[in-house]
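Working notes for the structure below.
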Amino acid sequence: MKLCRFQDASKNIHVGLLAEDDRVLDLGAAGIDRIFPLLEEEEGLESRLAALAAQGLPSLPAGQVQLLPPVERQEVWAAGVTYLRSKTARMEESSFSANAYDRVYDAARPEIFFKSLAEKVVGPREPVGIRRDSRWNVPEPELALVLNSRGRIAGYTIGNDMSSREIEGENLLYLPQAKTYHRSCALGPAIRIGAGEEDARAWSISLEIRRAGCAAFEGRTSVSNIKRTFSELAEYLFRCQSFPHGAVLLTGTGVVPANDFTLQPGDSVHIAISGIGRLENPVTEV
Ligand code: DO4
Ligand code: MG
């Protein structure tokens with residue numbers, strides 16, 4: 001079961017279910033107009049949504065609506081250096097900061113940083129940004145945990161933690177500038193409900209970057225390569241913090257292009273996570 005947000009031709013925003021036949025079922029017909037209160041239901045949610053879908057809700061072909069990022073009021077945070085590949089890439093990026101990355105990979109406390117307000121997140125097919133003051137920019141394809149106000153995992157979506165490797169590599173204290181800028185976070189296309197951590201750890205994550213009609217980069221990893229458990233990451237995010245509308249937590253990247261690769265305006269980023277779907281965004285300079 002996949003929950004989504006979409007805009008109709010009159011620009012009205014709806015909550016829907018993205019069905020396997022590529023149709024979007026409108027949950028507005030069942031009086032549902034917000035996702036985050038639904039995520040508080042935890043156990044009963046999947047069967048409630050299945051029952052609503054079986055009632056025969058009005059539907060539209062997904063191609064006829066604009067899917068929106070599946071967040072409303074949740075802050076988006078991100079974990080880093082959760083895959084060995086990320087630790088290696090970070091250490092190559094900066095001899096200055098290498099020791100910090102090496103240590104955080106094995107430390108009890110994970111690296112967690114603020115990524116985006118909900119209203120700044122871009123959705124499917126909207127441009128993601130590369131900073132014009134950075135010469136080394138990459139997408140980071142990541143599994144995103146969708147957490148309710150109690151810090152429980154209510155679902156999963158796809159995240160793109162757009163990053164400047166140049167700024168991040170220059171000095172660790174520049175991390176917020178490397179990570180949080182206009183169009184630096186994409187989420188979508190929908191929230192997968194009803195999968196447990198064991199299911200999600202069997203999923204694969206693939207990244208394709210297309211340039212002038214050709215693949216400029218292709219890579220993949222498995223969610224099982226994440227070093228930490230999801231509950232450990234969620235517990236640290238919610239420690240001494242409160243998120244009344246829940247939060248989204250990106251779980252880190254395990255796919256990093258070679259060090260001579262940088263994104264260009266006009267590229268497009270295609271991220272697929274088996275079990276969720278595909279998130280595709282063109283790249284623009286900001
Ligand atoms: O400090 C660097 C951030 C690393 C990151 O975003 C990741 O591993 O995904
Ligand atoms: Mg990342």
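Position 1 is the first residue of the sequence, and the numbers go up from there. These figures come from a predicted structure and were not determined experimentally. All ligand and atom numbering here is 1-based and tracks the order in the structure.
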For [X], the ligand 1 atoms whose distance to one of its heavy atoms is below 4.0 Å:
X: G252; result: 9 (O)
X: D161; result: 6 (O)
X: L175; result: 1 (O), 2 (C)
X: E140; result: 5 (C), 6 (O), 7 (C), 9 (O)
X: G80; result: 4 (C), 5 (C), 7 (C), 8 (O)
X: S86; result: 7 (C), 8 (O)
X: T253; result: 7 (C), 8 (O), 9 (O)
X: Y101; result: 1 (O), 2 (C)

So, the side chain of [X] versus the backbone of [Y]: is there a donor-acceptor pair under 3.5 Å, distance only?
X: S94; Y: S97; value: yes
X: R5; Y: P69; value: yes
X: D199; Y: G196; value: yes

Close side-chain approach of E93 and E168, heavy atoms under 4.5 Å
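Side-chain contact under 4.5 Å: yes.
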Report the angle formed at the Mg ion (ligand 2) by atom OE2 of E142 and atom OD2 of D161, rounding to the nearest 10°.
110°
Identify the closest protein heavy atom to atom 1 (O) of ligand 1: which residue and atom is it, and at what distance?
E111 OE2, 2.7 Å
Of the protein's non-hydrogen atoms, which lies at the shortest distance from atom 6 (O) of ligand 1, and what is that distance?
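Atom 6 (O) of ligand 1 sits closest to the protein heavy atom K179 NZ, 2.7 Å.
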Restricting to N/O/S, name the atom of E140 that gets closest to the Mg ion (ligand 2).
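This residue's closest N, O or S atom turns out to be OE1.
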Find the distance between [atom1] ([X]) and [atom2] ([Y]) and round it off to the nearest 0.5 Å.
X: W77; Y: L249; atom1: CH2; atom2: CG; value: 10.0 Å
X: L145; Y: S231; atom1: CG; atom2: OG; value: 9.5 Å
X: D267; Y: N281; atom1: CG; atom2: CG; value: 12.5 Å

Tell me whether ligand 1 is touched by Y83 - counting only heavy atoms on the residue side and a distance under 4.0 Å.
no
Under 4.0 Å, counting heavy atoms only: does K87 come that close to any atom of ligand 1?
no
Given that the side chain starts at C-beta and the backbone is N, CA, C, O, which of these parts of L172 lies under 4.0 Å from ligand 1, counting heavy atoms, or is it both or neither?
neither
Please find out if less than 6.0 Å separates the ring center of F261 from that of W136.
no
If the plane angle is over 60° it's perpendicular, under 30° parallel, otherwise tilted; pick one for H245 and F36.
perpendicular
Name the one of I158, L279, V76, N160 that satisfies side chain to side chain contact (heavy atoms under 4.5 Å, CB included) with L187?
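Answer after filtering I158, L279, V76, N160: V76.
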